[in-house]
Amino acid sequence: MALLFRSTVDSAARWRSQLTRLTQQLDVRVWPEIGNPAEIDYALVWRPEPGFLASLPNLKLILSLGAGVDHLLGDPRLPRHLPIVRLVDPHMTDAMSEYVVLQVLRLHRRDLDYRAQQQAASWRELDQPNASERRVGILGLGELGQDAAKKLRALGFDVAGWSRSERTVAGVGSYAGAAGLAPLLGRSEILVCLLPLTAETEGIVDARTLALLPQGAALVNAARGAHLVEEDLLAALASGQISAAVLDVFREEPLPNGHPFWHHPRIVITPHVAAFTNPSTAAPIILDNIRRFEQGLPLLNRIDPARGY
Ligand code: NDP
Ligand code: OXD
């Protein structure tokens, strides 16, 4: 049995050593040295080139190296008849919640204002609401959104989330479907995007969405760059409708030189690092799914290509 590894992230050596340490039954092949493509049974991939998976004639299972699968479903030649599983790693979920909590606290505690004051050597106390008075809204109440919601709730924030179907998370408000979006936005002083990128969610954070937030609201986007209409954010920041944004993901990555986000005083940028895929914890999860496949057991975290996540 051969497992092909291909990623745009420079992590092949660590993955090879983790995978081979955990199993002797798999012949791990790292792209581009894949040998005979007809021998590949499983593909563990991040952003493979479009058409690449279709070039493996005996592929049985596609495993995403990330939680998101938009990097696969955007391939017009993707072998959609094959099962596709995504990565759900509790350590990655913790990492995303760390990121969300860090950024929500940064916005709540007016860190950007205090940094600007420090630049101006200005000593001035700013108004500070309690966490219980700060309403946080999360777009996407899945694996990541639910965990972030619980951790923000534990810090005392007034949290609600939005999903396709109604979700129950203790102490967290739940809004669902198209009808639930405007009410969720209307109450969100800090909006966090943790949606998958699908045909329905692309461009969801646009001028209309931003206008429905309370004036002076802030945005955290840790999902995908294409959720955000970048010009609309810049316009909303210029008008004061939005007071600040923290962005981990961008339409073009790396964010190009000269992009207006780079030097915007009210935008914080991180380079798509909110939640890393860590081979030491992710490899056993991936191998467990391959074992399940071999034994004919139900796969974990299988995605629905028609739904897009
Ligand atoms: P899940 O599939 O577990 O959750 C997705 C959530 O979004 C669900 O609550 C789902 O609703 C909701 N949703 C999907 N489509 C819609 C829609 N049209 N309207 C309303 N709600 C919708 O995904 P995860 O939480 O595991 O991951 C979310 C995304 O985070 C990933 O797809 C990826 O893009 C991004 N990510 C970013 C990382 C980074 O480092 N920046 C790292 C990891 C992930 P329902 O519950 O009803 O199904
Ligand atoms: C993911 C990511 O989807 O890191 O896992 O963006």
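Treat the numbers as computed from the prediction; the structure is a model and nothing was measured. All ligand and atom numbering here is 1-based and tracks the order in the structure.
Salt-bridge formation is detected for the pair Asp158/Arg187: a Lys NZ or Arg NE/NH1/NH2 atom is positioned less than 4.0 Å from an Asp or Glu carboxylate oxygen. Ion pairing between a basic and an acidic side chain is recognised when a charged N comes within 4.0 Å of a carboxylate O; Asp288 and Arg291 show such pairing. Salt-bridge annotation for Glu202 and Arg224: absent, with no side-chain N of the basic residue lying under 4.0 Å from a carboxylate O of the acidic one. One finds a salt bridge joining Arg29 and Asp27 here, because a Lys/Arg side-chain nitrogen approaches an Asp/Glu carboxylate oxygen to under 4.0 Å.
For ligand 1, none of its N or O atoms has an N or O atom of Val273 under 3.5 Å away. Taking distance alone, with nitrogen or oxygen atoms compared against 3.5 Å, Glu143 approaches ligand 1 more closely than that limit. The shortest N or O to N or O distance between Leu197 and ligand 1 is not under 3.5 Å. Considering backbone and side-chain N/O of Leu144, one or more are found under 3.5 Å from N/O of ligand 1. Any N or O atom pair closer than 3.5 Å counts here, and Leu141 shares at least one such pair with ligand 1. Residue Arg164 places at least one N or O, backbone or side chain, under 3.5 Å from an N or O of ligand 1. For ligand 1, the polar-atom distance check against Gly140 finds no nitrogen or oxygen pair separated by under 3.5 Å.
Judged by distance alone, with hydrogens and angles left aside, the side-chain atoms of Tyr114 form a donor-acceptor pair with the main-chain N or O of Leu126 at under 3.5 Å. Formation of a donor-acceptor pair under 3.5 Å by the Thr277 side chain with backbone atoms of Leu65 is found in this model. At least one donor-acceptor pair closer than 3.5 Å links the side chain of Arg16 to the backbone N or O of Val28. When atom types are taken as modelled, the side chain of Ser97 and the backbone of Ala148 share a donor-acceptor pair closer than 3.5 angstrom. Side-chain N or O atoms of Asn130 include none that pairs as donor or acceptor with a backbone N or O of Ser132 at under 3.5 Å. Judged purely by atom type and a 3.5 angstrom limit, Thr93 has no side-chain atom pairing as donor or acceptor with the backbone of Leu144.
Distances below 4.0 Å separate heavy atoms of Ser165 from the following atoms of ligand 1: 45 (P), 47 (O). Atoms of ligand 1 found under 4.0 Å from any heavy atom of Asp248 (numbered from 1 in listed order, with element): 39 (C), 40 (O), 41 (N). Atoms of ligand 1 found under 4.0 Å from any heavy atom of Ala223, numbered from 1 in the order shown, are 34 (O), 35 (C), 37 (C). Atoms of ligand 1 lying under 4.0 Å from any heavy atom of Ala67, numbered from 1 in the order shown and given with element: 43 (C), 44 (C). Atoms of ligand 1 lying under 4.0 Å from at least one heavy atom of His272, given by number and element, are 39 (C), 40 (O), 41 (N).
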Side chains of residues 43-54: which donor-acceptor pairs under 3.5 Å do they make with residues two or more places apart or in other chains?
none

Under 3.5 Å donor-acceptor pairs involving side-chain atoms of residues 232-247, not counting sequence neighbours:
unit_1: Asp232; atom_1: OD2; unit_2: Ala207; atom_2: N; d: 2.8
unit_1: Ser239; atom_1: OG; unit_2: Ala236; atom_2: O; d: 3.1
unit_1: Ser239; atom_1: OG; unit_2: Gln241; atom_2: N; d: 3.2
unit_1: Gln241; atom_1: NE2; unit_2: Leu210; atom_2: O; d: 2.8
unit_1: Gln241; atom_1: NE2; unit_2: Leu213; atom_2: O; d: 2.8
unit_1: Ser243; atom_1: OG; unit_2: Gly216; atom_2: O; d: 2.7
unit_1: Ser243; atom_1: OG; unit_2: Ala217; atom_2: O; d: 3.4

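Of the heavy atoms in Val249, only side-chain atoms (C-beta onward) come closer than 4.0 Å to ligand 1. Proximity of Thr201 to ligand 1, defined as any heavy-atom pair under 4.0 Å, is confined to the side chain (atoms from C-beta onward).
Side-chain contact between Leu155 and Leu105 is present, with heavy atoms from C-beta onward closer than 4.5 Å. Using a 4.5 Å heavy-atom cutoff, the side chains of Glu143 and Arg86 are in contact. Residues Asp75 and Leu72 form no side-chain contact, since every pair of their non-hydrogen atoms from C-beta on lies 4.5 Å or further apart.
With atom 7 (O) of ligand 1 as the reference point, the heavy atom nearest to it among Pro196, Ser163, Gly142, Ala274 is part of Pro196. Of the candidates Gly68, Ala275, Ala222, Gly308, Ala222 brings a heavy atom nearest to atom 37 (C) of ligand 1.
From the protein, the heavy atom lying nearest to atom 12 (C) of ligand 1 is Leu195 CD2, 3.9 Å. Regarding atom 19 (N) of ligand 1, its nearest protein heavy-atom neighbour is Trp162 CH2, 3.2 Å. Scanning the protein heavy atoms around atom 46 (O) of ligand 1, the nearest turns out to be Arg167 NE, 2.7 Å. Closest to atom 28 (C) of ligand 1 among all protein heavy atoms lies Leu194 O, 3.4 Å. Distance from atom 10 (C) of ligand 1 to its nearest protein heavy atom, with residue and atom name: Tyr309 OH, 3.5 Å. When only non-hydrogen protein atoms are considered, atom 18 (N) of ligand 1 lies nearest to Glu200 OE1, 2.9 Å. The protein atom (non-hydrogen) at minimum distance from atom 38 (C) of ligand 1 is Met96 CE, 3.4 Å.
Residue contacts with ligand 1: Arg86 is included, with a non-hydrogen atom under 4.0 Å away. Distances from ligand 1 to the non-hydrogen atoms of Gly66 include no value under 4.0 Å. Not a single heavy atom of Thr198 sits closer than 4.0 Å to an atom of ligand 1.
Under a 4.5 Å side-chain heavy-atom criterion applied to ILVMFWY residues, the cluster that includes Val229 comprises that residue alone.
You'll find the ring centres of Phe157 and His108 inside the 6.0 Å limit.
Hydrophobic clustering places Met1 together with Phe293 (ILVMFWY residues linked when any side-chain heavy atoms are closer than 4.5 Å, directly or through intermediates).
At a cut-off of 3.5 Å, with distance as the only test, a side-chain donor of Ser280 or Asn278 sits close to an acceptor on the other residue.
Around ligand 2, the residues contributing at least one heavy atom under 4.0 Å from the ligand are Trp46, Gly66, Ala67, Gly68, Met92, Arg224, His272, Ala275.
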